[in-house]
2 protein chains.
Amino acid sequence: MNTKDRIMETADKLFYFQGYQTTGINQIIDEANVAKGSLYNHFPSKKDLGHAYVKQSSDQWFKGLEKELELWSDPAEKLLAIFSFLEKYAKINQFNGCRLINILTEVTDQDDQITEMVVAHKQRFRELLYQITTKIDIGVMQAREVSDTIYLLYEAATVDSKIFKDDWPIQLARKNAEQFLNQNKMPNNQ
Amino acid sequence: MNTKDRIMETADKLFYFQGYQTTGINQIIDEANVAKGSLYNHFPSKKDLGHAYVKQSSDQWFKGLEKELELWSDPAEKLLAIFSFLEKYAKINQFNGCRLINILTEVTDQDDQITEMVVAHKQRFRELLYQITTKIDIGVMQAREVSDTIYLLYEAATVDSKIFKDDWPIQLARKNAEQFLNQNKMPNNQ
DNA sequence: GTCTATATTGTGATAGAC
DNA sequence: GTCTATCACAATATAGAC
């Protein structure tokens, strides 16, 4: 693996599990077996490395989600699949919540670019859910409310499965999403 | 105002709006107009100040919530009042999400006491919601699921109104909580 | 491109006068 | 209890050899 990839891999692991602010450049170059000069050759500052981390985190997350969604054709099943995606992810990997939410909390308005990227990430997710929801035979006027409700349930599942180190929030969020979708289906669709 | 109070007030403001990790002792003593020796007289380390901040944050939050809940007698209305509480809080003050969740994200397993206090805070909130829910005439078996669903909606409302700097997540969460409660009421109660 | 060595600033924390 | 002065160390970042 080349130098830049080793840096990114190490930074990803440390920023996510240890935190962005508490991870220093020195620790990254130690664990990645890279010289300090090499890191600053690829990333002019820690801020730039942070931005690369945020972009990669968002890209990888959507990649993983869309792979999961491809397994289903029915739009309602696609919506519920986001919880299976989260459940699998939380089980396979050590889980520490959403990379994007975490770093947003860590920089709190000290880095406008990160704030922008995180909001854009969440907006893209909401839009993805909305597009799927419009394919379900529900009232058009309700589509946004339905998709945003699913979105909120997903967000809570992520945050609270991290807090409690348990998947009950994911299971309960999924169950509510399922009931909610069944209630909002048009009668003639059943 | 005495020295200790000035320290706590300044620390609270900075830890919440600027972040725990990025706020240094030097900035706190500057803005609180306190000497470094005085701070370390009251708090042996930054960690201790952090713990005091977490405890105060939790106490103040419950105090504010319970004051809001007292305005209502009907248990279902009490449950919905948590969203009014959040809405008011997000409007009056500059809002940066939940103090407890934020600092948990910032310390990620580097401070076991903070992790414990935050989990205990959330457990206490869940228990409060559960106790209110049992007073509603719903199936006993469902009480935990109902109260935890309300809990999840509240958590998402907090996190996402911070992300989007908008109260739509609060309004939508409240609307869903209301519909959800109506559906789970026993028919003979209506 | 990658390395070693160094510069500079800021951090949490302490000593000791008053 | 509060203050000033100072410590030891870690942070990000840079210079320059190879």
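None of the values given here were measured: they were computed from a predicted structure. In what follows, chains carry the letters A, B, and so on, assigned in the order in which the sequence lines appear, proteins first and then strands, with residues in each chain numbered from 1.
Of the listed nucleotides (C/dG12, D/dA13, D/dT2), D/dT2 has the atom at the smallest distance from the side chain of B/H42. Distance from the side chain of A/V34 is smallest for C/dC3 among the nucleotides C/dT11, C/dC3, D/dA13. You'll find that the side chain of A/N26 is closest to D/dA11, out of C/dC3, C/dG12, D/dA11. Nearest to the side-chain atoms of A/N41 among the listed nucleotides C/dT2, C/dG12, D/dT12 stands C/dT2. Which of D/dA13, C/dG12, C/dT4 sits closest to the side chain of A/A35 comes down to C/dT4. Of the candidates D/dT2, C/dC3, D/dA13, the closest approach to any side-chain atom of B/T3 belongs to D/dT2. Comparing D/dT14, C/dC3, D/dT2 by their closest approach to the side chain of B/S38 singles out D/dT2. Taking every side-chain heavy atom of A/K36 into account, C/dA5 is the closest of C/dG12, D/dT4, C/dA5. Nearest to the side chain of A/I25, among D/dT4, D/dT12, C/dT14, sits D/dT12.
For the pair B/L39 CG and D/dT4 P, the computed distance is 14 Å after rounding to whole Å. Nucleotide D/dT2 holds its P atom 11 Å from the NZ atom of B/K4, rounded to whole Å. Nucleotide C/dT14 holds its P atom 14 Å from the CD1 atom of B/I29, rounded to whole Å. Rounding to whole angstrom units, OH of residue A/Y40 and P of D/dG16 are separated by 18 Å. Taking atom CG of B/D48 as the reference point, atom P of C/dT14 lies 11 Å away to the nearest angstrom.
Checking A/P44 against B/G37, the closest nucleotide of DNA chain D that is more toward the 5' end is the one next to B/G37.
With A/N176 as reference, B/T149 is the one residue of B/D148, B/N176, B/T149 to meet the side chain to side chain donor-acceptor pair (under 3.5 Å) rule.
The two atoms that bring A/S84 and A/R174 nearest to each other are OG-NH1, 3.0 Å, heavy atoms only. The heavy-atom pair separating A/T133 from A/A143 by the smallest distance is CG2-O, 3.6 Å.
If you check every strand for non-hydrogen atoms under 4.0 Å, B/G24 touches sugar and phosphate atoms only. Within the 4.0 angstrom heavy-atom criterion, no nucleotide atom of any strand lies near B/T22.
Between A/D59 and A/K55 there is a salt bridge, with a side-chain nitrogen of the basic residue lying less than 4.0 Å from a carboxylate oxygen of the acidic one. Between B/E155 and A/K162 there is no salt bridge, since no side-chain nitrogen of the basic residue lies less than 4.0 Å from a carboxylate oxygen of the acidic one.
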